[in-house]
Amino acid sequence: VEALYDTSTVNPARLPWRERDGVCMQCHLQGRVRVLRAGRGLMDFRPGLPYEQFFNVFVAENAGQEGKTVGHFEEMRRSKCFQSTTGEGKLGCVSCHDPHYRPGEKDRVAFFRERCVRCHEGASKPSCKESLERRRRVAPGDSCIDCHMPPRQAKDVVHAALSDHRVPLRPGDPSRPLPGPPPQGPLQSYFAGPGTDDNPQQRRDLGLALSQDFASMPGKPMEEALQALDLLKEAAGRDLNDLDAWAALGAMYRLLGDHQPAKDSYHHVLKLHPENMSALFAM
């Protein structure tokens, strides 16, 4: 049967919402730590496949509140627009953005307002409670995004401004940075929620995430290092071919000053992959 459209190129608009968002997550879901799933390579992901089968992204408890430059997905997940939509109508990047077209300044307000109106006006749908007169006074052209997605300062890149993707009902002063401290608290998977749960793969990924987090942020509590060590020992013992877990195990031993098991872990990696540059360098 001949397809109704060209199937040789993936069109995100025709994908289920999770796979659709996966295309954008490659760049716009940074998280605090990103971990490759076991057996996957950096270039394995293909549009149309579930992103979480290739990468596990870990976020802090306050993800979406800290005001970082690449925090679009964490912020959007906090929005009522995202939480209140389901199925094919689930809010995502392409609900508002056209990757092939950027409206000019004179078309910007109408372009994005039309996307808001799709959901917020019509039979049995809530519309803006402010009067048209006030809306036009506060946001020329009756711009939804200028009121509900105001530009604000990024906390991790100087001289950078970006829209508030939490879509707050009452945004307050748009010139102020978002409230909230830098990313902190226990790590949790963006895809699996809080805790390590009993899934062995999730526990393995958390071990890698904790080890990267401990290495990159001096002053982290020792409990985090010991938890990472336990999870990595479990993962490495379960799969002798999981070189990422073995390399991370070596790194944790090394950070803790336990050099012999660190050397043993790196030796195992190099035995299976003699040209592994990171293991060679660490050894």
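- For the atom pair CZ (Arg14) and CD (Glu19), the distance works out to 16.0 Å, reported to the nearest 0.5 Å.
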Query - Worked verdict on Gln227 versus Leu206 for side chain to side chain contact (heavy atoms under 4.5 Å, CB included) - result: CA-CA 9 Å; Gln227 182 188 7; Leu206 179 61; 3.9 Å; yes
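- Between His165 and His97, the ring-plane angle classifies as parallel under the 30° and 60° cut-offs.
- Under the 4.5 Å side-chain heavy-atom criterion for grouping Ile, Leu, Val, Met, Phe, Trp and Tyr, Met217 is not connected to Val70 through any hydrophobic cluster.
- Side chain of Asp156 to main chain of Thr69: a donor-acceptor pair is present (N/O by atom type, distance under 3.5 Å, no hydrogens or angles).
- If you take OH on Tyr266 and OG on Ser278, they are separated by 7.5 Å, rounding to the nearest 0.5 Å.
- Hydrophobic cluster membership is shared by Phe54 and Leu36, with clusters built from Ile, Leu, Val, Met, Phe, Trp and Tyr side chains linked at under 4.5 angstrom.
- Under the 3.5 Å distance criterion, the side-chain polar atoms of Gln212 are left unmatched by any main-chain donor or acceptor of Ala209.
- Taking 4.5 Å as the limit, every side-chain heavy atom of Val10 sits out of range of all side-chain heavy atoms of Arg46.
- Neither Tyr190 nor Val23 shares a network with the other; the hydrophobic side chains, linked directly or stepwise wherever heavy atoms of I, L, V, M, F, W or Y lie under 4.5 Å apart, form separate groups for each.
- Checked by atom type and distance alone, the side chain of Ser216 pairs as donor or acceptor with a backbone atom of Asp213 at under 3.5 Å.
- Considering only heavy atoms from C-beta on, Arg204 comes within 4.5 Å of Asp242 through its side chain.
- The same ILVMFWY cluster, assembled from side-chain heavy atoms under 4.5 Å apart, contains both Val57 and Leu42.
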Indicate every side-chain donor-acceptor pair of residues 245-259 with a distance under 3.5 Å to a residue at least two apart or in another chain.
from	atom 1	to	atom 2	distance (Å)
Trp246	NE1	Ala236	O	3.3
Trp246	NE1	Asp239	O	3.4

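- Side-chain contact between Gln201 and Asn56: absent, with no pair of heavy atoms (C-beta onward) separated by less than 4.5 Å.
- With rounding to the nearest 0.5 angstrom, the NE2 atom of His148 is 9.0 Å from the SG atom of Cys81.
- Between Phe55 and Met25, the closest side-chain pair of non-hydrogen atoms is not below 4.5 Å.
- Donor-acceptor pairing under 3.5 Å is lacking for the side chains of Thr9 and Asn11.
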Query - Audit row: Leu232, Ser211, side chain to side chain contact (heavy atoms under 4.5 Å, CB included) steps and yes/no - result: CA-CA 9 Å; Leu232 291 170; Ser211 68; 4.0 Å; yes
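- For Arg136, the CZ atom is loosely surrounded, since the number of other residues' heavy atoms within 6.0 Å does not exceed 12.
- Hydrophobic clustering, with ILVMFWY side chains joined whenever heavy atoms are under 4.5 angstrom apart, groups Phe214 together with Leu226.
- You'll find the side chain of Leu240 reaches within 4.5 Å of the side chain of His268, heavy atoms only.
- A donor-acceptor pair under 3.5 Å links the side-chain atoms of Gln83 to the main chain of Arg77, judged by distance alone.
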Report task. Please step through side chain to side chain contact (heavy atoms under 4.5 Å, CB included) for the pair Leu29 and Glu74, ending with a clear verdict. Result -> CA-CA 7 Å; Leu29 176 58; Glu74 295 101 305; 3.7 Å; yes
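- Remark: the backbone N or O of Ala63 is paired with a side-chain donor or acceptor of Arg78 at under 3.5 angstrom.
- Between the Lys68 side chain and the Val157 main chain, no donor and acceptor come within less than 3.5 Å of each other.
- Across all their heavy atoms, Gly39 and Asp44 have their closest contact at O-OD2, 4.3 Å.
- Leu210 places none of its side-chain heavy atoms less than 4.5 Å from the side chain of Phe58.
- Side-chain contact between Phe191 and Asp205 is absent, with no heavy atoms from C-beta onward closer than 4.5 Å.
- No more than 12 heavy atoms of other residues, nucleotides or ligands sit less than 6.0 Å from atom CZ of Phe281.
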**Report entry** Test log, rule side chain to side chain contact (heavy atoms under 4.5 Å, CB included), inputs Phe73 and Val59
**Finding:** CA-CA 11 Å; Phe73 271 95; Val59 297; over 6 Å; no
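- In this structure, Cys128 and Arg135 have side chains that are in contact, with non-hydrogen atoms separated by less than 4.5 Å.
- Counting non-hydrogen atoms of other residues, nucleotides and ligands closer than 6.0 Å to CD of Glu275 gives a total of 12 or fewer.
- Of all heavy-atom pairs between Ser79 and Phe82, the closest is OG-N, 3.1 Å.
- The two residues Arg37 and Glu52 make their nearest non-hydrogen contact at NE-O, 2.8 Å.
- Contact detail for Lys90 and Ser95: the closest heavy-atom pair is O-OG, 3.8 Å.
- Summarising the geometry, atom CG belonging to Leu229 is positioned 12.0 Å from atom CD belonging to Glu234; distances are rounded to the nearest 0.5 Å.
- In this structure, CZ on Arg108 lies 10.0 Å from CZ on Arg102, to the nearest 0.5 angstrom.
- A pairwise comparison of heavy atoms in Asp21 and Gly92 identifies OD1-CA, 3.7 Å as the closest pair.
- Taken from CZ in Arg166 to CE in Met76, the straight-line distance is 14.5 Å, to the nearest 0.5 Å.
- Looking at every heavy atom in both residues, Leu162 comes nearest to His72 through CD1-NE2, 4.3 Å.
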